[in-house]
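So the structure is just underneath, and the comments pick up after that.
Being a predicted model, the structure only gives us computed values, none of them experimental.
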Amino acid sequence: MAVEEENGQLTHRVVAHRKQTWVSSLTTYRPAGSPRLLLAAFSDGTVEAFDIGRFQPHHLPLGELQDPSALLCGINSADAGSQLLVSMHETVYRFDGLSLIPHSRHSSRIRALLALPELGRYAVGDEGSNISLCDLATAQPLHEGRHGTSPVGGVPAAVTSLQLVSVGGASALVSAAGDGTLRLWKLPDMQAVPGLLQAHASPVNAITCVPGHGPEPDRLLSGGADRIVRNWVVDEAVFGQEPKAWNRVTASAVCPTLPRRLAVARASRVIIKDLATGAETTRLKGRHVTALAWPQIGARRALAVAAGYDIICVDPETDRQIGPKMTGHLLPIRSLVTVPSASGDLLASAGADGTVCVWQPASGEQLARFSDHEFTVRALATYQNSQTRLLASGGSDGNIRVWNTDTREQHGSTIKCDQNVINDLAFVTSEDGDLLIAVAGQDGTLQLWDPRTCRSVRTLNCTDGELSAVTSLRLPYDRTALAVAGRTSIHVWNAAAATRPLLQIVTGSPLETLKAVQDPNQVTSSILLASGEAGSMAFRLNHDQL
């Protein structure tokens with residue numbers, strides 16, 4: 001694609017296209033006696049060149065590159081004008097117009113290659129966390145440094161990208177790594193600013209600089225494998241932070257009755273926090289927990305824990321197991337909810353094996369098993385009134401199925417959604433009393449589906465990337481609100497009709513669960529629980545402000 005810099009308009013929709021390949025690198029380069037060229041390296045080893053202006057093909061005798069992840073870099077030199085650097089595996093080559101000549105060798109596979117402002121100088125970052133400043137005039141690096149080791153596991157953090165920035169009017173270098181961190185280096189001698197900036201919970205794929213105007217500092221944009229772009233002020237105080245470990249929350253649940261307790265699973269343990277007093281207790285150490293729920297078993301409230309393929313119930317006060325273990329899934333459990341019944345709370349579980357199971361937690365008996373989903377079941381939701389009790393399931397096959405937990409049969413037809421993967425769903429009652437299902441989709445839309453007609457009655461687009469979670473809140477005057485989690489924010493909508501959200505809560509990091517808990521004794525507000533890669537957050541939403 002070719003884009004006009006000033007107005008962002010496409011000038012050439014397709015400049016080059018090679019089937020079943022990816023573009024590993026783009027750069028500009030001006031050979032002697034030729035106009036400036038745009039070069040693209042493809043994963044099949046082909047390099048295609050085009051003159052910038054008409055984007056007509058230009059022959060360049062580079063030959064086939066022997067690395068599907070080869071990098072290209074145009075660089076200005078003092079004695080020969082513009083030159084081209086090519087990295088393959090651990091070596092940087094200099095192209096003399098006819099052939100590739102090895103120039104510098106490095107200890108690990110090269111992942112980043114960047115031209116520096118000084119003539120003939122360039123920077124290299126490799127998978128061993130090494131950063132080297134090199135000069136075309138010498139084969140040995142001028143300066144070397146290490147980005148660092150990952151806070152988790154202590155292994156070298158592969159350098160994934162390099163970018164020039166300005167700090168206090170002086171040139172500096174930012175390195176990005178596979179552990180999600182950024183490091184700032186002072187040039188020209190590669191002096192590292194102490195500390196690492198934990199920018200993402202997953203590898204940083206790309207960084208770029210937005211120059212500041214006047215007294216404003218530069219800003220750095222970082223894009224990670226978590227599909228988030230973050231904006232940073234280029235300042236020593238910002239980059240000179242101690243790295244933090246990302247202990248991602250894998251499951252969470254709020255007790256629906258008093259005392260209001262929040263259970264959070266992270267770092268192979270479950271932490272239970274009393275939301276009134278703030279007191280915390282640690283339970284179930286050494287277990288990787290994937291789902292939590294709070295069923296009522298007899299006269300006491302238990303904590304149901306899904307770890308791997310199994311479910312157990314424990315006493316939150318003593319950590320002792322209540323009843324037998326519930327076993328039946330063939331792959332890890334993804335979701336766990338309580339299911340009200342005439343005889344007390346039941347449990348429903350959904351797994352990566354495509355099944356939904358209903359359990360009697362006191363006895364451990366499996367009451368029902370639904371194996372109608374083709375792929376992973378990612379979400380469950382429950383609904384009850386005086387006549388019926390329903391359980392809805394949705395997942396990677398893009399379908400919603402509604403089950404009657406009393407008759408243990410499917411309720412109505414399968415709803416075939418057009419939202420790609422279904423990440424979460426929630427029952428919601430319209431102002432007319434109709435029962436609908438709110439679905440958070442991978443395509444970034446929140447749709448309301450009528451289970452009777454199997455049709456979408458309304459679509460909300462949050463323009464916040466993939467939607468990961470949704471929950472409903474009952475408001476005064478028979479109003480219903482929907483809270484949905486995007487990549488950077490929680491959006492609260494009027495379920496009946498709205499052209500814009502009632503509220504937007506900026507989280508800055510992805511969420512995996514979002515649940516609303518309403519206290520019968522506190523009708524003026526609700527508790528909204530959000531959990532994700534940065535931890536858990538509990539918000540009290542005042543209804544009169546929505």
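- Between T445 and Q419, the shortest heavy-atom contact is O-NE2, 3.1 Å.
- Once rounded to the nearest 0.5 Å, the distance linking CG of D434 with CG of D450 reads 6.5 Å.
- With no hydrogens or angles considered, a side-chain donor-acceptor pair links S252 and T513 at under 3.5 Å.
- Pairs of residues two or more places apart, or lying in two chains, that qualify as side chain to side chain donor-acceptor pair (under 3.5 Å) and include a residue from residues 367-379 are H373-S393, H373-D397, R378-N423.
- Sorted by first then second residue, the side chain to side chain donor-acceptor pair (under 3.5 Å) pairs that include residues 273-287, not counting sequence neighbours, number zero.
- For S161, there are no side chain to side chain donor-acceptor pair (under 3.5 Å) partners two or more places apart in sequence or in a different chain.
- In this structure, S24 has no side chain to side chain donor-acceptor pair (under 3.5 Å) partners at least two apart in sequence or on a different chain.
- The minimum heavy-atom distance linking E512 with V249 is given by the pair OE1-O, 3.6 Å.
- Looking at heavy atoms from C-beta onward, R300 lies in side-chain contact with I322 at the 4.5 angstrom threshold.
- Distance check, rounded to the nearest 0.5 Å: CG of D418 to CD of Q447 gives 5.0 Å.
- A distance of 9.5 Å separates OG1 of T488 from CG of L511, quoted to the nearest 0.5 Å.
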When you look at W359 and L346, which way does the side chain to side chain contact (heavy atoms under 4.5 Å, CB included) test go after all the steps?
CA-CA 6 Å; W359 310 86; L346 304 178; over 6 Å; no

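- Closest heavy-atom contact between P217 and V234: CB-O, 4.1 Å.
- For N399 (side chain) and T414 (main-chain N/O), no donor-acceptor pair under 3.5 Å exists by modelled atom type.
- Y309 is not listed as a side-chain neighbour of T327, based on a closest heavy-atom distance of 4.5 Å or more.
- To the nearest 0.5 Å, atoms CD1 (I490) and SG (C462) are separated by 11.5 Å.
- No option in L303, L336, L262 other than L303 meets the side chain to side chain contact (heavy atoms under 4.5 Å, CB included) test with L292.
- Looking at T160, its side chain does come within 3.5 Å of a backbone N or O of A176 through a donor-acceptor pair.
- Between V402 and I437, the closest side-chain pair of non-hydrogen atoms falls below 4.5 Å.
- Remark: side-chain polar atoms of R301 are not paired, donor with acceptor, to backbone N or O of I297 under 3.5 angstrom.
- Proximity of L425 to W449: side-chain heavy atoms (C-beta onward) are nowhere separated by under 4.5 Å.
- Between S526 and H543, the closest heavy-atom pair is OG-NE2, 2.7 Å.
- Pairing each heavy atom of P316 with each of I272, the nearest pair is CB-CD1, 3.9 Å.
- A donor-acceptor pair is defined here as one N or O able to donate and one able to accept, closer than 3.5 Å; no such pair exists between the side chain of S202 and the backbone of G224.
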Starting from the C-alpha separation in whole Å, work towards a yes-or-no answer on side chain to side chain contact (heavy atoms under 4.5 Å, CB included) for Q384 and T382.
CA-CA 7 Å; Q384 68 167 336; T382 60; over 6 Å; no

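- From E466, atom CD reaches atom CG of N420 across 9.0 Å, with rounding to the nearest 0.5 Å.
- Among residues two or more places apart in sequence or in another chain, the side chain to side chain donor-acceptor pair (under 3.5 Å) test is passed with S335 by none.
- To the nearest 0.5 Å, atoms CZ (R458) and CG (L436) are separated by 10.5 Å.
- With hydrogens and angles disregarded, a donor-acceptor distance shorter than 3.5 Å links the side chain of Q321 to the backbone of G323.
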Worked check of side chain to side chain contact (heavy atoms under 4.5 Å, CB included) between T429 and R474
CA-CA 9 Å; T429 305; R474 293 296 298 175; 4.2 Å; yes

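- Here R18 pairs with E48 in a salt bridge; the nearest charged N to carboxylate O distance falls below 4.0 Å.
- No donor-acceptor pair closer than 3.5 Å links the side chain of N231 to the backbone N or O of L221.
- Within the structure, every pair that satisfies the salt bridge (charged side-chain N to carboxylate O under 4.0 Å, His left out) test and touches residues 401-416, not counting sequence neighbours, is listed here: R389-D406.
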From CA spacing to verdict: side chain to side chain contact (heavy atoms under 4.5 Å, CB included), L514, D424
CA-CA 9 Å; L514 191 62; D424 199 13; 5.5 Å; no

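- For S525 and N542, the side-chain atoms include no donor-acceptor pair closer than 3.5 Å.
- Among all heavy-atom pairs drawn from H329 and S349, the shortest one is NE2-OG, 2.7 Å.
- A side-chain donor-acceptor contact under 3.5 Å links Q198 to the backbone of H200.
- Checked by atom type and distance alone, the side chain of T338 never pairs as donor or acceptor with a backbone atom of W294 at under 3.5 Å.
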